[in-house]
Amino acid sequence: MDEELHERVREVVAAVPPGKVATYGDIAALAGAPSPRMIGRILNEDGADIPWHRVLRANGTPAPHIAREQLARLRAEGVLAEGERVRLREHRWRP
DNA sequence: AAAGTGACTAGAC
DNA sequence: CGTCTAGCCACTT
């Protein structure tokens, strides 16, 4: 069942090291999700005990409703953002 | 069953 | 920088 997808997504997100970030698209590709949209959906449900804050949109900005929290957490890990946008060039995680 | 929705993306302008 | 389109897929109306 798609329990497996949830698990893989959790695993991939958990695999992103502190100080690094990944995009929804990256997570989707690595976890084998059918679409990046699924990632957000899954995190919304299972994001409780995984570092969801290391997941950004393709342009380096976080999703609007959680932007404050996310940027604060990232900053605490040493990921500096220009306004709302993180420099993916520097902080994007490559497996 | 058809239409709307959303933690998305890539491309066109 | 920005807006708009089209594609995406599980879920809710």
Side-chain angles (χ1 to χ4, degrees):
Chain A
M1 37 193 270
D2 63 348
E3 174 77 33
E4 193 166 311
L5 176 59
H6 283 228
E7 191 162 337
R8 270 181 315 200
V9 169
R10 269 191 304 237
E11 193 133 341
V12 172
V13 173
V16 180
K20 290 285 171 193
V21 298
T23 69
Y24 289 90
D26 289 345
I27 302 300
L30 292 173
S35 154
R37 281 201 185 273
M38 292 290 82
I39 306 304
R41 223 183 81 74
I42 291 170
L43 288 185
N44 196 36
E45 196 179 316
D46 274 349
D49 35 69
I50 56 179
W52 54 268
H53 55 276
R54 302 201 191 119
V55 184
L56 295 166
R57 300 197 286 195
N59 65 353
T61 65
H65 43 288
I66 56 168
R68 265 172 60 72
E69 172 83 19
Q70 178 145 11
L71 291 172
R73 285 181 178 232
L74 287 175
R75 192 172 63 244
E77 289 185 345
V79 178
L80 302 204
E82 300 181 336
E84 298 253 292
R85 179 166 55 209
V86 169
R87 295 186 182 183
L88 289 180
R89 223 71 182 257
E90 297 177 8
H91 297 104
R92 188 176 196 174
W93 177 56
R94 311 182 205 335

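Throughout, protein chains are lettered first and strands after them, A, B, ... in sequence-line order, and every chain is numbered starting at 1.
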Is any side-chain N of the basic residue among R73(A) and E77(A) closer than 4.0 Å to the acidic one's carboxylate O?
-> no
Please report the distance, rounded to the nearest Å, between [atom1] in [X] and [atom2] in [N].
X	N	atom1	atom2	result
N44(A)	dT5(B)	CG	C1'	13 Å
I66(A)	dA7(B)	CD1	P	9 Å
E45(A)	dG6(B)	CD	P	17 Å
E82(A)	dC1(C)	CD	C1'	13 Å
N59(A)	dT9(B)	CG	C1'	10 Å
R54(A)	dA7(B)	CZ	C1'	17 Å
H6(A)	dA7(B)	NE2	C1'	14 Å
R85(A)	dG2(C)	CZ	C1'	12 Å

With rounding to the nearest 0.5 Å, note down the distance linking CG in L56(A) to CD in E84(A).
-> 11.0 Å
Atom pair OG1 (T23(A)) and CG (L88(A)), whose distance is rounded to the nearest 0.5 Å | 7.5 Å
Apply salt bridge (Lys or Arg N to Asp or Glu O under 4.0 Å) to R41(A) and list each qualifying residue two or more places apart in sequence or on a separate chain.
-> none
Taking every non-hydrogen atom, the tightest pair across V13(A) and P51(A) = CG1-O, 3.5 Å
Nucleotides 7-13 of chain C: protein proximity per nucleotide (B base, S sugar-phosphate only, - neither; heavy atom, under 4.0 Å) | BBSSS--
Could you give the distance separating dA7(B) and dA6(C) at their P atoms, to the nearest angstrom?
-> 22 Å
Does one hydrophobic cluster hold both I66(A) and L71(A), with members joined at side-chain heavy-atom distances below 4.5 Å?
-> no
